Amino acid sequence: MSGLDIQAIRKDFPILDQEIYGFPLAYLDNAATSQKPVQVIDAVADYYREDNANVHRGVHRLSQRATDAYEGARSKVRDFVSAQSDKEIVFVRGATEAINLVAHSFVRPMLHAGDEILISHMEHHANIVPWQMLCDQVGAKLVVIPMTEKGELDLTTFDDLLTSKTKIMAVGQVSNALGTINPVKMMTEKAHAKGIPVLIDGAQAVPHMPADVQDLDCDFYVFSGHKMFAPTGIGALYGKQAILEEMVPWQGGGDMILSVSFEKTLYNELPYKFEAGTPNISGAIGLGAAIDYMQSVGIAELAAYEHELLMYATAQVGGLEGLRIIGTSDQKASVLSFMIDGVHPHDVGTIFDQQGVAIRTGHHCAQPVMQFFGIPATARASFAFYNTMDEVDALVGAIQKVQELFA
Ligand code: C6P
């Protein structure tokens, strides 16, 4: 068993200590958004209580403190993803905004009719729609890496999908609907061998495993803070410095410029060139605090514990009659999607809620995955390191309750 003191960890997450309809809350919707430890809540509150000011603008003391805290958070993100320089870390609203930034600033200027953008069948809509929009604009083609019944990427034809027309490959490291961990390092190597740049969507990976952009050697890596114990509305885009230097800004406004006249605007240096307008300062500080928190728990340790949770949950849930697990890869992180025979997932979610078990039901913003399996939706339990084996038992009890009610 893991060496983590889960009960001590849970004390850091005040929201977990409550009852729903008289049942202890079992929060198993972490893939949608995770809960925040007091260390993050306090970092945000302290900032507003003591340091609030705009960044990069004022010479007064509060502005300097706010700037130091904001830039300090950037360095923490750099360290967290093992980037080489703070210049490679752009603060954004989240994974969605990061992908849109790359689509507009990097891909759009070089995309022509007949070009291809390669994604996979298990992408979140955030890693489908921005590319589809670009393709529609110029007459380019969205090419999709297929998937197997186990919910793994089918890479048998992968080499053929990487063509001289492919302008970028954009793939998720961990599927939000299935939990599958994709072999993105190997895929990146193959794409690079053909000169194709790579974006990795790490939104469902960073809360659960170490992120190392140098090891992956990806050109872009994106994630959201709110899935890794930080506030909503903050996330990061990592990009290789040489590539970011060449890219044009996506949004214009304050702070992204060196000088402005009606004749000409000179853009600011990296990463500010991509951060137009007043940024989410408190969010970035909260993200820095979340990174500190995860590192204090130990990312390898939390990953190992979550693996135990997932294995236990898979064995317990998988052992039940009349239930189908969607996504049965051996390589999974923290997600258990399932269907209960004869019951719509939305009814499952409602009955679970009445027993204090919070899960997400629906298509999980991954409709092509649902289309592949021929289902409208799944019930999805997703774990974080503050979850317990007892909460997995509560999940199993809730499933049995649903089955009793629909018998
Ligand atoms: N998935 C889920 O319940 P944003 O909304 O920008 O923070 O993250 C978008 C996103 C991108 N990629 C993946 C793999 C994701 O899982 C998500 C968000 C949530 O699964 C909310 S839809």
Side-chain angles (χ1 to χ4, degrees), residues 27-36 77 81 90-104 119-133 144-145 147 151 153 169-182 184 187 198-209 211 216 218 220-238 250 280 283-284 286-287 290 326-327 329 331-338 345-346 349 352 358-370 377-384:
Y27 186 79
L28 303 177
D29 194 16
N30 296 285
T33 200
S34 60
Q35 300 302 346
K36 322 304 173 199
V77 174
V81 299
V90 179
F91 281 127
V92 286
R93 262 194 313 130
T96 303
E97 189 174 68
I99 295 168
N100 278 276
L101 192 162
V102 175
H104 285 270
I119 61 169
S120 90
H121 202 116
M122 65 176 77
E123 297 312 314
H124 184 277
H125 296 167
N127 202 24
I128 302 174
V129 184
W131 306 119
Q132 212 163 33
M133 289 163 74
V144 181
I145 304 165
M147 199 170 87
L153 292 181
M169 176 178 83
V171 286
Q173 193 170 5
V174 173
S175 154
N176 71 319
L178 304 165
T180 314
I181 304 172
N182 290 320
V184 287
M187 293 168 73
V198 174
L199 176 145
I200 294 177
D201 174 358
Q204 295 292 350
V206 286
H208 307 298
M209 59 188 70
L216 293 172
C218 52
F220 301 101
Y221 191 88
V222 308
F223 64 92
S224 301
H226 70 94
K227 296 185 197 295
M228 50 170 285
F229 321 104
T232 47
I234 189 73
L237 163 68
Y238 157 82
W250 176 33
N280 182 353
L287 177 57
I326 307 291
S329 172
Q331 301 296 318
K332 281 180 61 172
S334 285
V335 167
L336 190 63
S337 261
F338 55 90
H346 288 317
F352 273 37
I359 59 161
R360 180 170 173 187
T361 58
H363 53 62
H364 315 298
C365 302
Q367 286 187 352
V369 172
M370 304 300 129
T378 74
R380 181 188 71 181
S382 53
F383 306 102

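What you are looking at is a predicted structure, and each value in this text was computed from that prediction instead of being measured. Start at 1 and go down the list; that is how both ligands and their atoms are numbered.
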Would you check whether Glu97 has a nitrogen or oxygen atom less than 3.5 angstrom from a nitrogen or oxygen atom of ligand 1?
-> no

Check ligand 1 against Ala203 and write out every atom of the ligand that is under 4.0 Å from a heavy-atom position of the residue.
-> 11 (C), 12 (N), 13 (C), 15 (C)

First locate atom OG of Ser382, then atom NE2 of His208, and finally report the distance between them rounded to the nearest 0.5 Å.
-> 7.0 Å

How does His125 reach ligand 1, by side chain, by backbone, by both or by neither, if only non-hydrogen atoms under 4.0 Å count?
-> neither

Interfacing atoms of ligand 1 (cut-off 4.0 Å, heavy-atom, Cys365) | 22 (S)

Taking the side chain as every heavy atom from C-beta outward, state whether Val206 and Lys227 have any atom pair closer than 4.5 Å.
-> no

Hey, can you tell me if His125 and His363 have their rings parallel, tilted or perpendicular (30° and 60° cut-offs)?
-> tilted

Contact check: Asn176 vs ligand 1, nitrogen or oxygen atoms, below 3.5 angstrom | yes

Ligand 1 atoms nearer than 4.0 angstrom to some heavy atom of Ala32 are 2 (C), 3 (O)

Nearest non-hydrogen partners of Trp131 and Asn127, listed with the distance | NE1-OD1, 2.8 Å

Would you call Gly172 a ligand 1 contact, heavy-atom distance under 4.0 Å?
-> no

May I ask whether His226 places a heavy atom under 4.0 Å from ligand 1?
-> yes

Closest non-hydrogen atom pair between Ile200 and Gln173, with its separation = CG2-CB, 3.9 Å

Distance to 0.1 Å, residue and atom name: give those for the protein heavy atom nearest to atom 16 (O) of ligand 1.
-> Gln204 NE2, 2.7 Å

among protein heavy atoms, the one nearest atom 2 (C) of ligand 1 is Arg360 NH1, 3.1 Å

Over all heavy atoms of both residues, which pair between Cys365 and His124 is shortest? Give the atoms and the distance, please.
-> CB-NE2, 3.2 Å

List the closest protein heavy-atom neighbour of atom 5 (O) of ligand 1: residue, atom name, distance to the nearest 0.1 Å.
-> Thr96 OG1, 3.6 Å

Ligand 1 atoms nearer than 4.0 angstrom to some heavy atom of Ser224 are 4 (P), 6 (O), 7 (O), 8 (O)

If you compare His124, Lys227, Met122 by their heavy atoms, the one closest to atom 19 (C) of ligand 1 turns out to be Lys227

Please state whether Asp201 comes within less than 4.0 angstrom of ligand 1, counting heavy atoms only.
-> yes

